[in-house]
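Notes to accompany the following structure.
Computed from a predicted structure; not experimentally measured. For the single chain, residues carry numbers from 1 onward in sequence order.
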Amino acid sequence: LAIRTGCPEMGRWRTAARTRLFPRVTVKGNNSHEIGFCYGQKLQSRIQQAVSYYTFVFKQLYDDHTFMTRIAHFRKVIQDYDPSLFEEMRGAAEGAKVPTDAIIALNSRSELFSVSPSSSSKECTSLLHTPSGTMGQNWDWSSVLQPLCVVLEIHQQGKPVVLTMTEPGIVGKIGLNSAGIGLTLNILGRRSLTGSLDGLPIHVILRSLLSNTRTLTEATNLLKATGNGKCSCVTVAGKDPTTGAWDGRAVELMEDHTTFLQPNPQTGFIVHTNHCVLQQPTEEDEESVYRYDLAQHLAVKGVRVGKLFSIQQLQQILFHHHINHKFEPDEQLFDVGTVCTILMHLPSSSMHVLLKRGKFHRAFQL
């Protein structure tokens, strides 16, 4: 495999395994640049290692000219959408002592990977139980990122506090905010119709949801306004402003359309994996469809056992051996499998990050 034999940085990435797993890192400042600088400075080493890793991987996908053209495109897209978040990225680059374009690349990495022909179908599984406000997912990606990831607590003036499990240098990912919004992410297997995705990067959307919305209505309206050019599903939960009850939607953001999926009216569950639920599945979707059906079955079975649905029941589903994946070799990413499991209980503003292998468990609360 190219990444096993051709990368001089692999020893350095392996050394990262001795660092503390998923530390809580608090960032704050008087403005966006200060928040970003605080982020970059506190996580300088981890961000530099993430940049080194992704730079190596992207060189397998792009020549230099094409890559910089793509970065210039996403730089403009992000700056036009949210100038303050772009300024935060500039601050993060300054604090981490890396180029701003390196931070742009990290935050656009899902879209940059849309040209990859070898994306694994064994990716993330997410689940939301709306009556209890309980949600979570397995995040499947490269083993290289496991020792580098952090739980970021972001304080911004006049906005909800954000708690997000994220890769170093990426401004937002899976998480919740102090207003009761929670979200998970699934990359969808049908990456692109045209060969590459050019919409607003999904990690920018995730951070915007966590920083700028307080109700489910606000969150769904924000998602409607993000446009096309993506291939991801965001499951978002929050309180219905009319009834005060917990509710949610799975929003499939595709290259040419957006689909909103509601909870099952009988069970209150939303389950998602890595295919478009309402479209006819292809042969490539087979493993994703299997996980989707299995998670649905286990979720309904769990509710039948007891009247409520707990964090512990969610953990059991996401730890199932057909849902929680061992790391397996990948030609581009080194190893791919379940990096971690994230569980969230929105009524208590709590998050748990777990590793099935290694019996790691860390709890966080806002």
Side-chain angles (χ1 to χ4, degrees), residues 13 16 21-27 32 35-58 70-71 74-75 77-79 81-82 84-114 123-124 137 139-154 156 162-177 183-187 197 199-212 226 230 232 234 333 339-340 342 351 353:
W13 297 334
L21 290 173
F22 302 99
R24 184 174 190 152
V25 179
T26 301
V27 297
S32 297
I35 291 170
F37 186 85
C38 179
Y39 180 14
Q41 190 175 55
K42 285 189 173 184
L43 292 171
Q44 184 180 106
S45 176
R46 291 179 188 240
I47 291 173
Q48 289 175 354
Q49 290 180 77
V51 168
S52 174
Y53 167 68
Y54 278 116
T55 297
F56 178 80
V57 175
F58 288 141
R70 296 278 284 156
I71 294 301
F74 287 119
R75 183 186 184 111
V77 168
I78 295 168
Q79 191 169 16
Y81 177 74
D82 190 339
S84 63
L85 189 55
F86 177 77
E87 188 61 29
E88 184 178 314
M89 292 183 189
R90 288 185 65 247
E94 184 180 331
K97 297 182 179 179
V98 299
T100 298
D101 282 350
I103 299 297
I104 299 296
L106 293 180
N107 284 278
S108 308
R109 62 102 169 142
S110 295
E111 292 68 34
L112 290 167
F113 270 105
S114 64
E123 293 195 22
C124 311
Q137 75 168 90
W139 175 46
D140 285 53
W141 195 235
S142 170
S143 64
V144 171
L145 275 301
Q146 190 177 68
L148 298 179
C149 288
V150 300
V151 174
L152 202 62
E153 181 180 322
I154 308 167
Q156 305 161 96
V162 171
L163 191 67
T164 177
M165 191 293 301
T166 190
E167 302 169 57
I170 292 182
V171 294
K173 202 175 184 74
I174 303 147
L176 53 84
N177 71 18
L183 54 84
T184 58
L185 172 66
N186 296 83
I187 301 300
L197 300 175
L200 183 65
I202 190 63
H203 288 93
V204 172
I205 295 172
L206 298 178
R207 170 60 183 280
S208 188
L209 284 166
L210 292 171
S211 289
N212 300 317
T226 59
K230 295 170 283 296
S232 299
V234 178
L333 300 175
V339 177
C340 64
I342 304 102
M351 176 194 291
V353 179

Heavy-atom distance under 4.5 Å between the side chains of C149 and M165, does that happen here?
yes
With sequence neighbours excluded, tell me which residues meet ring pair (Phe, Tyr, Trp, His ring centres under 6.0 Å) with F58.
Y54, F67, F113
Which residues pass the side chain to side chain contact (heavy atoms under 4.5 Å, CB included) test with V77, sequence neighbours left out?
H73, L200, P201
Side-chain heavy-atom pair N186, E123 within 4.5 angstrom cut-off:
no
Would you call F74 and N107 a side-chain contact if the rule is heavy atoms closer than 4.5 Å?
no
Tell me the closest heavy-atom pair linking L112 and R70, and the distance in Å.
CD2-CB, 3.9 Å
Say whether, by atom type as modelled, one donor and one acceptor occur between the side chain of Q137 and the main chain of L185 under 3.5 angstrom.
yes
Any side-chain heavy-atom pair from V353 and L21 closer than 4.5 angstrom?
no
Is there side-chain contact between I35 and Q156, with at least one heavy-atom pair below 4.5 Å?
yes
When rounded to the nearest 0.5 angstrom, what is the spacing between OG in S110 and NZ in K173?
6.0 Å
Pairwise side-chain contact, P23 with R46, heavy-atom cut-off 4.5 Å (strictly under)
yes
Please name all residues satisfying side chain to side chain contact (heavy atoms under 4.5 Å, CB included) with E153, sequence neighbours left out, ordered by chain then number.
R24, T26, H155, V161, L163, L366
Side-chain touch R207/I154, heavy atoms, less than 4.5 angstrom
yes
Sequence neighbours excluded, which residues qualify as side chain to side chain contact (heavy atoms under 4.5 Å, CB included) partners of S208?
Y81, N212, L222
Sort and list the pairs that fulfil salt bridge (charged side-chain N to carboxylate O under 4.0 Å, His left out) and have at least one residue in residues 93-103, not counting sequence neighbours.
R75-D101
Would you check if V144 and L333 make a side-chain contact, meaning some heavy-atom pair closer than 4.5 Å?
no
Quick one: side chain to side chain contact (heavy atoms under 4.5 Å, CB included) partners of S143, sequence neighbours excluded?
F327, F334, D335
